Chemist: 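Right, I'll just put the structure down here and ask away after.
Because the structure is predicted, anything quoted here is derived from the model rather than measured. Per chain, numbering begins at 1; letters A, B, ... match sequence-line order.
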Protein chains: 2
Amino acid sequence: MAKFRLDEVDHQILDMLIENTRIPFTDIAKKLLISAGTVHVRVKKLEEAGIIRGSSLTLDYQKLGYSFIAYVGIFLEKTSQTKFVLNRIHEIPYITVAHITTGKFNIFCKVRAKNTKHAKDIIFMIDDIEGVSRTETMISLEESINDKNRLMHSIFNDL
Amino acid sequence: MAKFRLDEVDHQILDMLIENTRIPFTDIAKKLLISAGTVHVRVKKLEEAGIIRGSSLTLDYQKLGYSFIAYVGIFLEKTSQTKFVLNRIHEIPYITVAHITTGKFNIFCKVRAKNTKHAKDIIFMIDDIEGVSRTETMISLEESINDKNRLMHSIFNDL
DNA sequence: TGTTTTTTTTGCATTATCTTTAATAAATAA
DNA sequence: TTATTTATTAAAGATAATGCAAAAAAAACA
């Protein structure tokens, strides 16, 4: 893959698209004082380079009846069971994120549930997976920060 | 706010937009055998109802030089310092997510860094915040799951 | 049940946006 | 410098979004 060097214009395009993926390229062009064709070409290149992997909606899960977030740390009996357990975990749709980690836990995941009872059911499902020794749950009382824009600004200012 | 009942058509529209926010409404209309006007009206309603909060890009952070993910649990000296500490945390752009939690930690956050050294610097910054008693870090070796589509399918099948 | 009222969908017209193209300009290499 | 590559542009044609009035469907009511 070709080395890819992002310049200021790329940054600004990304910046605007991160905030709203459906903003018209013509609007981006106007703000950056370039042509819409350039925006188009640049975005296509960013996609081809794999820097833009896709786009997605930000949904209000509360309004969809899912007001519960928990993080669950998983201890395994043997590290060699990691793959097997991850496969089982992947079958539970309420687990939206999972990482293999070093530190306290072997696997670390994020759970979205409807309510406390539902969360309990999910955590029990995890505990029941063969190879899982025990789990430790952190319940989110409030999602205080969730923002990738600030990170992007740092990335852009870096180089 | 008016109670909002999502039907099958709304689900399918959301489903397609979750996967690609820039898919033309005309394409959605064709697939669902409805008019583009209907798609337009429905999406507008979902936005007005706050179910769609926005949209964002999925970026390849590795390619942007940020290949390091860690989760950091924070212990506070006093719970009453939560707000103050969160404000300090909010000033660190490399912390992309933060939750107030029950369980082991008072605050729980996600860190994106360039590399180990950078991560260390960030964690030290957290440790240096007034009111933070200590932190516990889990380093991600691999992000194995990160997928909201499966959750959405469950939500849709629920009701 | 039929009737009224409200909501939703549709088709079309208008406007806006995307996307390609060929020409031009800029950057890079020889 | 000159050749070559790469990027940008304006313009044009293709495609899509948006608004609206009419029709259809659904809901409310008697």
Side-chain angles (χ1 to χ4, degrees), chain A residues 1-60 63-65 149 152 155-159, chain B residues 1-60 63-65 149 152 155-159:
Chain A
M1 184 225 317
K3 258 279 145 347
F4 202 91
R5 185 114 184 112
L6 293 151
D7 67 9
E8 188 54 27
V9 174
D10 293 317
H11 293 170
Q12 297 208 254
I13 291 173
L14 283 176
D15 219 36
M16 295 175 83
L17 287 174
I18 283 168
E19 213 151 292
N20 170 20
T21 58
R22 284 189 85 97
I23 188 176
F25 289 178
T26 44
D27 285 13
I28 296 176
K30 258 175 253 160
K31 279 196 198 156
L32 303 185
L33 305 173
I34 55 178
S35 76
T38 300
V39 177
H40 187 253
V41 170
R42 296 256 190 163
V43 170
K44 209 164 64 185
K45 274 192 188 169
L46 288 164
E47 283 168 350
E48 276 160 10
I51 289 170
I52 295 177
R53 286 158 73 117
S55 58
S56 192
L57 294 181
T58 311
L59 298 170
D60 187 325
K63 292 206 171 115
L64 291 168
N149 277 70
M152 286 316 288
I155 291 177
F156 295 162
N157 293 333
D158 274 1
L159 22 128
Chain B
M1 183 228 315
K3 259 277 146 346
F4 202 90
R5 185 115 187 115
L6 293 151
D7 68 9
E8 188 55 26
V9 174
D10 294 317
H11 293 169
Q12 298 208 252
I13 292 173
L14 282 176
D15 220 36
M16 295 174 83
L17 287 174
I18 284 169
E19 214 149 290
N20 170 18
T21 58
R22 283 189 88 96
I23 187 176
F25 289 178
T26 45
D27 285 13
I28 296 176
K30 259 175 250 160
K31 279 197 199 156
L32 303 185
L33 305 174
I34 55 179
S35 76
T38 300
V39 176
H40 185 252
V41 169
R42 295 253 190 166
V43 170
K44 211 164 61 183
K45 273 191 189 172
L46 288 164
E47 283 170 350
E48 276 161 10
I51 289 170
I52 295 176
R53 285 157 76 119
S55 58
S56 191
L57 294 181
T58 310
L59 298 170
D60 188 325
K63 292 205 170 116
L64 292 168
N149 276 71
M152 286 316 289
I155 291 177
F156 294 162
N157 293 332
D158 275 1
L159 19 130

Chemist: Taking CD1 from B:I34 and C1' from D:dA17, how many angstroms apart are they, rounded to a whole number?
Modeler: 15 Å
Chemist: Is a side-chain N or O of A:T21 found less than 3.5 angstrom from the main chain of B:S55, in a donor-acceptor match?
Modeler: no
Chemist: Heavy atoms only, 4.0 Å cut-off, all strands: where does B:T38 land among base, sugar-phosphate and nothing?
Modeler: base
Chemist: Checking all strands, does B:K30 fall into the base, sugar-phosphate, or nothing category for heavy-atom contacts under 4.0 angstrom?
Modeler: nothing
Chemist: Is any side-chain heavy atom of B:V39 closer than 4.5 Å to a side-chain heavy atom of B:K31?
Modeler: no
Chemist: Whole-Å distance between D:dA17 P and A:I23 CD1?
Modeler: 16 Å
Chemist: Roughly how many Å is it from CG in B:N20 to C1' in D:dA16, rounded to a whole number?
Modeler: 14 Å
Chemist: Taking atom CG of B:L32 and atom CG of B:D10, what is their separation to the nearest 0.5 Å?
Modeler: 10.0 Å
Chemist: Considering just the side-chain nitrogens and oxygens of B:K45, establish if one lies under 4.0 Å of OP1 or OP2 belonging to C:dT8.
Modeler: yes
Chemist: Using OP1 and OP2 only, check whether a side-chain N or O of B:R22 sits under 4.0 Å from C:dC18.
Modeler: yes
Chemist: Provide, to the nearest angstrom, the distance between the CZ atom belonging to B:R5 and the C1' atom belonging to C:dT8.
Modeler: 17 Å
Chemist: Within less than 4.0 Å of OP1 or OP2 of D:dA16, is there a side-chain N or O belonging to B:T26?
Modeler: yes
Chemist: How close or far is atom P of D:dA7 from atom CG of A:L33, stated in whole angstroms?
Modeler: 21 Å
Chemist: Determine whether A:R42 and A:I28 make a side-chain contact, defined as any pair of heavy atoms from C-beta on separated by less than 4.5 Å.
Modeler: no
Chemist: Let me know the distance between CD of A:E48 and C1' of C:dT19, rounded to the nearest Å.
Modeler: 14 Å
Chemist: Kindly check if the number of other-residue, nucleotide or ligand heavy atoms within 6.0 Å of CD (B:E19) is above 12?
Modeler: no
Chemist: Just the rounded figure in Å: distance from P of C:dA16 to CZ of A:F25.
Modeler: 19 Å
Chemist: Can you see if the side chain of B:H40 gets near the phosphate of D:dT18 - specifically, an N or O under 4.0 Å from OP1 or OP2?
Modeler: yes
Chemist: May I have the distance from A:D27 (atom CG) to C:dC18 (atom P), rounded to whole angstrom?
Modeler: 8 Å
Chemist: Taking only the side-chain nitrogens and oxygens of B:R42, find out if one of them lies under 4.0 Å from OP1 or OP2 of C:dT9.
Modeler: yes
